[in-house]
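Since the structure comes first, as structure tokens, the remarks are kept for the end.
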There are 2 protein chains.
Amino acid sequence: MNNTPEFQEGLSIAAVERDTGLLKDTLRVWERRYGFPQPLRDANGERLYPPAQIARLRQIKRLMDQGMRPGKIFAADEATLAAWLGKDAPSTEPPPHCRSMIDLLQQQRSEALRQSLQQNLLKLGLQRFVTEIVVPLNIEVGLAWLRGDITVGEEHLYSELLQNMLRNAVHALRNPAGRPRILLTTLPDELHSLGLLMAEAMLVPEGAVCTSLGTQTPLGDIASTAMSGEFDIVALSFSANYPARQAWNNLAELRRQLPAHITLWAGGRHLCERAPALDGLHYLKEIADAVSALESWRTQHQTDQSS
Amino acid sequence: MNNTPEFQEGLSIAAVERDTGLLKDTLRVWERRYGFPQPLRDANGERLYPPAQIARLRQIKRLMDQGMRPGKIFAADEATLAAWLGKDAPSTEPPPHCRSMIDLLQQQRSEALRQSLQQNLLKLGLQRFVTEIVVPLNIEVGLAWLRGDITVGEEHLYSELLQNMLRNAVHALRNPAGRPRILLTTLPDELHSLGLLMAEAMLVPEGAVCTSLGTQTPLGDIASTAMSGEFDIVALSFSANYPARQAWNNLAELRRQLPAHITLWAGGRHLCERAPALDGLHYLKEIADAVSALESWRTQHQTDQSS
DNA sequence: GTCAACGTTTTGTCCAGGACAAAATGAACA
DNA sequence: TGTTCATTTTGTCCTGGACAAAACGTTGAC
């Protein structure tokens, strides 16, 4: 009945469910079948998960979202697991700007961080700001959070700051009568809203008209809004912790519900490998691909461009 | 394993949990103890909740969030229950602007809606726009959603539109070196972000410096951010479906963690009745109270005003 | 070599019914 | 009127079993 039983020993099963996104039932059945996690018990006989096990659970969740199955993960030894985790991370060195900005974030010097970002935005322009600053910074912040180097509060601070900057920049460039008309949103269970704003920031300078529905729009509502709003493109954003399989299923279903003349975009690096191909469905591996996808849409719809 | 088992007969227990916010365990134990809800069973023996029962569960949840206990609710007959529900709703007539704006929303004419809102914003100024337009409109949209008159997609559209407008307006008035410094956020399990923006829109024109952490910040992070960021006030926003008791507990805990010189504000109409009084904790019944609370803070801290 | 069909294994979610501590209530008393 | 204590209410956790959907691996056909 208490909902903040966060003693130093560890977290309750409910807290772990909130933290990792793994259902209580799943946590219990893993313990039974694979012997992990193996939480302590409090005086009352209830599970108490030590921070170390929670950290590992987060890693496991991450691997599973990439399509890996628990059987393999639990069978693997320490080294293999670390290898899998490192496989997609070290592709890029942590850029120089990032380090100093993350320092500012950790010191909670939000005003200084804002100025640093603003300076970069003005220097580089919106699109390069997104690809060269925001994207690597997002990755670093995500890694730092995974390591426990920054708190949830600091991550919120970062997210709000960036959201304000991007919204303002996009708003200034808004042009209500252009083409194509793009509807942006995420599926249910996907809370990450920054991806949407970043996409908007890439597309609006190209003259596209973007309307965002924010996060977690039910499938049926996406389809009906796209049709009644006379949109040309529906763009969905997926963060790295959205289960790939679930994404493909939902995309197929949405593709079925949409008329053929509306194109569907799915943004998310981890969706692209072994993704089922569908007519009128394009996967965007990186945020920059949004621009090239827009260009290719325009060449395919040259007749309508005038309006 | 399928996550959209939404057949016409009814919803699975997992879907009901998502929809109502009542835990699976709670739903099952209510069925055992009180005989309600009494879901159908599918071919597999699993619970299947008909829409009517889900609607009633929503009502029950609403009453419980106001502090009522299940024993009373389940004992009450149809009429008494309806009386309890109607008690707080009809206080205000639906204002004239609202009707036409909701029409625009239902027709998905987002650009027209934006212009209408923008016009009112410029005519009334930010603060009056919030109190006279946004507040009643929010209520109407909420009621329309409860009645099923507007879809989730339309509600998202509305929320995004307003968010953009308010963020831009607030951004334009920003003054990084003022007093007091106010930290805005919501507790975990509270997703409603519009309340925060509305508060910001009321406070920033008065010269306060607002920093928002967005929604769902853990208690400990609120306290540590407030202290390291040298804030004077922590302001929390609660929507009508946040359990009052849980709010009071968390507020007491947070008050304990914060040093005495940081004031704590809690916004939310339903929190004010029978609320436990605490030193340095102020309840704001309406959004407009933020301004008067700010004034009273200033009179109490006249010495510091200069910086 | 690619693809389809099919049996096997894995895996997440649900179920029943018991238990218990925290919260809320009401009674007794100062 | 307010405080203390016993009683009831209520949400959450527990164990261990069950099963369908999904994923996998094999086989065979082209």
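These numbers come from the heavy atoms of this one structure, side chains and all, not from hydrogens, waters or symmetry mates. Each chain gets a letter, A, B and so on, in the order the sequences are listed, and its residues count up from 1.
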Side chain of A:Asn44, heavy atoms from C-beta onward: which of C:dA21, C:dG12, C:dC15 has the nearest atom to it?
C:dA21
Quick check for you: among D:dT9, D:dG11, C:dC15, whose closest atom lies nearest to any side-chain atom of B:Pro70?
D:dG11
Which residues pass the side-chain contact (heavy atoms from CB on, under 4.5 Å) test with B:Glu31, not counting sequence neighbours?
B:Pro39, B:Arg41, B:Arg47, B:Tyr49
Which residues satisfy the side-chain contact (heavy atoms from CB on, under 4.5 Å) test with A:Thr263, sequence neighbours excluded?
A:Ile233, A:Trp265, A:His282, A:Trp297
By ring-ring contact (aromatic ring centres under 6.0 Å, His included), B:Phe36 pairs with (sequence neighbours left out) none
If you take any heavy atom closer than 4.0 Å to DNA chain C, which residues from residues 19-31 of chain A end up in contact?
A:Leu23, A:Asp25, A:Thr26, A:Val29, A:Trp30
Under-4.0 Å salt bridge between A:Asp19 and A:Arg58:
yes
Taking the basic N atoms (NZ, or NE/NH1/NH2) and the acidic carboxylate oxygens, is any pair closer than 4.0 Å for B:Lys24 and A:Asp25?
no
Proximity to DNA chain D (any heavy atom under 4.0 Å), residues of residues 32-39 of chain A only
A:Arg32, A:Arg33
Let me check I have this right: for DNA chain D, each base becomes ., (, ), [, ] or |, based on Watson-Crick or G-U pairs with both distances under 3.5 Å. What is the full string?
||||||||||||||||||||||||||||||
Using whole Å, what does the distance between atom P of nucleotide C:dC15 and atom CD of B:Glu46 come to?
5 Å
Need to verify one output field. Residue with the more 5' nearest nucleotide on DNA chain D, A:Arg47 or B:Lys72?
B:Lys72
